[in-house]
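Notes to accompany the following structure.
Positions are given from 1 along the sequence. Just follow the structure's listing: the first ligand is 1, and inside any ligand the first atom is 1.
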Amino acid sequence: MKYSALLLGTIALLALNTVTAKQYQEAKKPNIIFIFTDDQDHKMDSLQYMPNVQKYLVNEGTIYENHYATIAVCCPSRVGLLRGQYAHNTNITDVSPPYGGYERFNTLKLGEDYLPVWLQKSGYNTNYIGKLMNQYSVNNYNNPIPRGFNYQEQLVDPYTYIYNSAVFSVNGEPPVYYKDAYQTDVIHAKTRAALKRVQAQEDPFFLWVSPMAPHGQFEIGKGGSMKTSDPIPAARHAHLFKDVKIPRTPHFNPDQQVKTASYWKTLEKLNATMVEEFDETYRNRLRALQSVDEIVGTIFEELEKSGELDNTFVFYSADNGYHLGQHRAFPGKCTNLEEDINVPLLVRGPGIGKGKKSQVVSAHHDLAPTFVALAGGDEHVPSWVDGGVIPLTKALQKHRKPVSKESFSVEFWGLDLLAENYANANVIGPNTYKTLRVISQDYNYVYSIWCTGEHEFYDLKNDPYAMKNLYTGATNQLVNRLDALLVVLKSCRAETCRDPWRILHPDDKHVKTLRDALHKKYDIHYTQFRKVQFEECLGYYQVTNEAPVIGQHFLANVTDTSQQRPSSTEQYIISKFDKRADKSNEDGQFILPKEYHELLKLVPEPNQAVGHAPLGQDFEKYAIPVDKKLLETPVKWAEYNFYGFGS
Ligand SMILES: *[C@@H]1O[C@H](CO)[C@@H](O)[C@H](O)[C@H]1NC(C)=O
Ligand SMILES: *[C@@H]1O[C@H](CO)[C@@H](O)[C@H](O)[C@H]1NC(C)=O
Ligand SMILES: *[C@@H]1O[C@H](CO)[C@@H](O)[C@H](O)[C@H]1NC(C)=O
């Protein structure tokens, strides 16, 4: 009796143990890893040259082919992602002051309520390694310390864009550097160490790994001018890809210039010398990405070793894309070309298809709500968030806040930055535009309105390289719909970004797509809306310059018709254009004063190539505090156009 009771008790206990372990396994929230590169294209095949990305993410996960950055430049794109918002709602519209950068991010209090905070509230151990955003620097690394991270190691300016200088602030401590180390290798070693640390802890973890590659290298040119040059690969990768070239698609350096809005019409066909230089830039980007690919390999090896792989989502993306010679453009980003806005998004994890391609349309502002949904923390996502949840898994397909079904807007304010690596390119013009993208199985449209009054309309389903501008005037019934949809998406907030049709058809829930709205019975309805137009080409976001917004979208509501420009006028004189910085010399060059060169040298750059081999596990032993003089001498790098080449 006694014996059997004991036996029964043991069996019950055993059973209980198994159940608890299983339930525990089920209840354990998934880990989330986010690998996030800087300026990596999707359209120019960069992923094809990354063997670990292919092996672990492409073959074992899903590529989201229609994922987009809604503003193709670093700081605005990153802040939008962190907040789940369009740039028109963060008002971070540039990489540096006065309209962007880490200080403005804090002045606008954007860093108090954002992704890492939501994940912490959801019970996550949050970690960040690498580049956070422009202007996080040796002068403000702890003012404030970025909120919401349990552990963080960020690159600090002005060293962020120097491949052979790896300077980090760890948890807001005074910055340290690693002598003669290759920056991506330091991020790699830190990622391995972080994985060991977070996997030893009980809470589910979020780890954001943000290499600066394949961004251009910052350099001081002859006479102290600031410039960006090709990315510098690790020494062990410098010999690769000697025969590789930019894909020669029909829109690569075409004989005839078909893209003609604003500065595009002035671009001349690139000569053979330039094409060769661009091909070398392309190869250097691929080479610089090899060290990133090694990080990807390490992440999966560590996850396999620890047994966490099956309970971890791994995402791979980039802040914005990049172009090289398409439509004759000099290397850079910031444009509305697909090369700049269509970014990689690869996802692997429990419930994600293996070796699949998804056509779901999504944007960077959808990532934060998607991460938090995976983390089971929906209640921590504020109602003002523009993004929705990407239907990655069966469970997320039923989420009550889905992504916008097929449309989003792309925005930019400022000058074009086509001249990134080539200060002498002398191609400059207003780059303030609104672009609408509508993508479904049936259609794939690009519709753009420039601050110059010019329009572009491409049908990418039939013309994938945007070689024929179909815009003939505003009267076309299709264009009527696109104009109306763009008004909504350029000024949307929260729910109106996810379901813009409710603004255009408040009483008709059946209209959910452009196809629905194109029904003949709405032809008259769509003649009632005002069209987007700019008053002037401003380098920042001013609501009154970009009428109309939601709420003023009916023609009937406009009393002062003088505000409406005649739609026949295509060109306006650019009366005022805000310049980003003003310390240029008579030739328009930005010369960094000598004393600042000296300051910069306080972190010594190696005089030969580094990165012959990845770093060992003891790399932290070699961390050296940076000279106090660097921390104590405030320099307004932005005034010397430090970010001017499109960081
Ligand atoms: C090629 O184009 C560049 C940039 O426009 C120019 O500076 C250079 O002189 C040209 N080279 C030749 C050989 O024409
Ligand atoms: C965005 O910021 C600029 C500069 O601070 C300001 O002039 C503008 O009114 C702001 N726009 C909005 C919509 O708040
Ligand atoms: C704006 O126009 C719409 C459509 O004609 C009308 O229903 C609405 O009452 C107007 N609103 C105002 C404030 O005039």
Exercise. Give the intermediate values and the outcome of ring pair (Phe, Tyr, Trp, His ring centres under 6.0 Å) for residues Y433 and W450.
Key: CA-CA 4 Å; Y433 57 80; W450 289 73; 5.0 Å; yes
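- The residues lining ligand 2, counting any heavy atom closer than 4.0 Å, are N91, Y99, R104, Y540, Y541, V543.
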Quiz item: Which is it for I246 and M44 under the side chain to side chain contact (heavy atoms under 4.5 Å, CB included) test, yes or no, and what are the steps along the way?
Solution: CA-CA 7 Å; I246 301 164; M44 289 188 296; 4.2 Å; yes
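- Taking R104 as the reference, nothing meets the salt bridge (charged side-chain N to carboxylate O under 4.0 Å, His left out) condition, with sequence neighbours excluded.
- Tested against E456 for a side-chain hydrogen bond (donor to acceptor under 3.5 Å, both in side chains), the candidates N336, N469, T260 yield a single pass: N336.
- Every salt bridge (charged side-chain N to carboxylate O under 4.0 Å, His left out) that D255 has, sequence neighbours left out, goes to K269.
- Listed by atom number, the atoms of ligand 1 under 4.0 Å from T273 heavy atoms are 13 (C).
- Scored by the salt bridge (charged side-chain N to carboxylate O under 4.0 Å, His left out) test, D279 finds R248 as partners (sequence neighbours excluded).
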